[in-house]
Amino acid sequence: MNELQLQLIYQHASLHAFPTYDPMYLSLPVQKGYLWILKAELSQTEIQLLQHLVVMPHETPQSAWGNLLLQDQHYVPSTGNYRLIQIAFQQKRAVQFKKWQQAVKEFFQELVDCIVLTDHYVVLIEKQHRTSLQPSELTSLFLALDGDFDTYSKIFIGCFYPETSHFYRLFQEEEAAFMYSLTKSHVDHCTTLAQISLAFYLDPKITSRTCLQTLAPIWIPDEATQILLKTLWQQKGNLSATAKELFMHRNTIQYQVEKFQTSTQLNLKEMNDLYFTQLLLQQF
């Protein structure tokens with residue numbers, strides 16, 4: 001099917017990496033995933049025609065995390081912070097998932113689930129641990145896995161959220177950001193929400209702010225952090241200029257920045273990451 005033509009015809013349809021079993025929608029397999037179309041917007045003739053064109057995969061039993069992310073079923077994980085790592089395999093042949101999963105588990109001490117949603121799309125759920133890898137380290141890891149398994153993958157590294165967060169909504173938003181990034185021609189091998197946030201959240205079709213609203217009070221817990229991030233942005237990330245503006249020693253600013261980066265996994269030397277902090281500040 002021609003994805004562009006379908007989206008022009010059904011402008012309210014949304015692109016996802018996996019099909020839906022929600023009876024309110026039709027899932028149409030397209031080049032970069034699945035197009036979800038609300039049946040209420042279709043005539044009966046359209047539904048019958050599109051159903052002939054759609055081959056839905058068999059539904060497989062999901063884990064507690066799978067049911068939480070896909071169906072918003074009640075489940076409260078154990079105390080801690082969790083992130084979702086999405087992997088899209090960009091080739092038509094099937095991936096050797098069992099061997100691939102075994103290899104992945106060796107690198108994640110706190111991998112709590114690996115959900116294979118389609119033959120080309122997987123979601124990892126990782127509990128935060130002192131050994132949790134930074135985005136740059138994850139990039140190297142998945143590049144190595146691509147070499148070992150002769151695959152070509154695109155990765156979206158989510159943020160860490162507390163166990164009490166609404167993961168169903170967070171997943172919907174991060175998955176939408178991943179799909180948005182895959183439509184860009186120069187997307188990196190690994191992408192984070194911060195890296196794509198400038199284009200993603202400025203798109204008028206994107207109205208959800210669940211990720212920002214969840215992270216803002218956690219990452220920016222006090223006025224001192226707010227002032228630091230605002231000043232850093234005004235000074236374009238320059239630590240010396242920020243220290244001068246705040247009448248503080250440069251080493252003090254550097255310590256505060258490094259502490260913030262350690263807890264958030266952002267790199268405030270990167271303008272996309274620094275811009276992301278300004279989006280968070282707007283939530284107050």
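Everything numeric here is computed off the predicted structure, so don't read it as measured data.
You'll find the side chain of Pro77 stays beyond 4.5 Å of the side chain of Val112, heavy atoms only. Proximity of Phe156 to Glu175: side-chain heavy atoms (C-beta onward) are nowhere separated by under 4.5 Å. Two residues are said to be in side-chain contact when any heavy atoms from C-beta on lie closer than 4.5 Å; Thr264 and Phe276 fail this criterion. For the pair Phe160/Glu126, a side-chain contact is recorded, criterion being any heavy-atom separation below 4.5 Å from C-beta on. Contact annotation: the side chain of Leu70 approaches that of Leu117 to within less than 4.5 Å [non-hydrogen atoms, C-beta and beyond]. In this structure, the side chains of Phe97 and Phe89 come closer than 4.5 Å at one or more pairs of heavy atoms. Side chains of Tyr275 and Leu279 form a contact here, defined as non-hydrogen atoms less than 4.5 Å apart. A heavy-atom distance below 4.5 Å is found between the side chains of Met179 and Leu182.
Side-chain atoms of His249 do not come within 3.5 Å of backbone N or O of Ala243 as any donor-acceptor pair. Put simply, the side chain of Glu41 never gets that close to the backbone of Leu38: no donor and acceptor are under 3.5 Å apart. Panel note: side chain Asp146, backbone Ser153; a donor-acceptor pair is recorded below 3.5 Å. Looking only at distances, a side-chain donor or acceptor of Glu163 sits under 3.5 Å from a matching main-chain atom of Gly80. A donor-acceptor pair under 3.5 Å is formed between the side chain of Glu174 and the backbone N or O of Cys159. No donor-acceptor pair under 3.5 Å is formed between the side chain of Lys269 and the backbone N or O of Leu274. The backbone N or O of Ile227 sits less than 3.5 Å from a side-chain atom of Thr231, completing a donor-acceptor pair. Using modelled atom types, one side-chain atom of Gln261 and one backbone atom of Leu268 make a donor-acceptor pair closer than 3.5 Å.
In the hydrophobic clustering of ILVMFWY residues, with side-chain heavy atoms under 4.5 Å counting as a link, Tyr161 and Val76 come out apart. Linking ILVMFWY residues whenever their side-chain heavy atoms come closer than 4.5 Å, directly or via other members, leaves Leu229 and Tyr255 in distinct clusters. Residues Leu143 and Ile155 fall into different hydrophobic clusters, defined by Ile, Leu, Val, Met, Phe, Trp and Tyr side chains chained together at heavy-atom separations under 4.5 Å. Following chains of ILVMFWY side-chain contacts shorter than 4.5 Å, one can reach Phe260 starting from Met248, so the two form part of one hydrophobic cluster.
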Please report the C-alpha distance between Gln254 and Glu258 in whole Å, then the side-chain angles of each, then the deciding distance to 0.1 Å, and finally whether the side-chain hydrogen bond (donor to acceptor under 3.5 Å, both in side chains) criterion is met.
-> CA-CA 6 Å; Gln254 184 168 354; Glu258 289 176 352; 3.2 Å; yes
Go through it in stages, so that I can follow the logic: the residues are Trp100 and Cys114, the test is side chain to side chain contact (heavy atoms under 4.5 Å, CB included), and I'd like the CA-CA distance, side-chain angles, deciding distance and then a yes or no. CA-CA 11 Å; Trp100 184 88; Cys114 176; 4.3 Å; yes
Leu232 and Leu239: CA distance, side-chain angles, deciding distance, side chain to side chain contact (heavy atoms under 4.5 Å, CB included) verdict:
CA-CA 7 Å; Leu232 269 172; Leu239 296 185; 3.9 Å; yes
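Atom NZ of Lys105 is separated from atom CD of Gln101 by 6.0 Å, given to the nearest 0.5 angstrom. Atoms CG and CD, on Leu228 and Glu223 in that order, are 12.5 Å from each other to the nearest 0.5 Å. For the atom pair CD1 (Ile115) and CG (Leu69), the distance works out to 5.0 Å, reported to the nearest 0.5 Å. If you take CG on Leu202 and CG on Leu198, they are separated by 5.5 Å, rounding to the nearest 0.5 Å. For the atom pair Leu170 CG and Gln213 CD, the distance stands at 10.0 Å (nearest 0.5 Å). Separating the OG1 atom in Thr191 from the CG atom in Asn272 is a distance of 10.5 Å, to the nearest 0.5 Å.
Side-chain contact of Ser208 with Glu173: a donor-acceptor pair under 3.5 Å is present, judged by distance alone. Looking only at atom types and distance, the side chain of Gln102 has no donor-acceptor partner in the side chain of Glu106 under 3.5 Å away.
Within a 6.0 Å sphere centred on CZ of Arg83, heavy atoms belonging to other residues, nucleotides or ligands number more than 12.
Between Ala241 and Gln235, the shortest heavy-atom distance links the atoms CB-OE1, 3.4 Å. Contact between Pro135 and Gln265 at its shortest, heavy atoms only, is CD-OE1, 3.9 Å. For Thr214 against Ser165, the heavy-atom pair with the smallest separation is CG2-OG, 3.7 Å. Contact detail for Phe178 and Lys154: the closest heavy-atom pair is CZ-O, 3.4 Å. Counting all heavy atoms, side chain and backbone alike, Lys230 lies closest to Leu281 at CG-CD1, 3.6 Å. Listed here is the closest heavy atom pair of Asn267 and Asp273: N-OD2, 2.8 Å.
Ring planes of Tyr82 and Trp65: tilted class, angle from 30 to 60°. Relative ring orientation between Tyr168 and His166 is described as tilted, the plane-to-plane angle lying within the 30° to 60° band.
Within the structure, the ring-ring contact (aromatic ring centres under 6.0 Å, His included) test picks out the following pairs touching residues 194-221 (sequence neighbours left out): Tyr180-Phe200.
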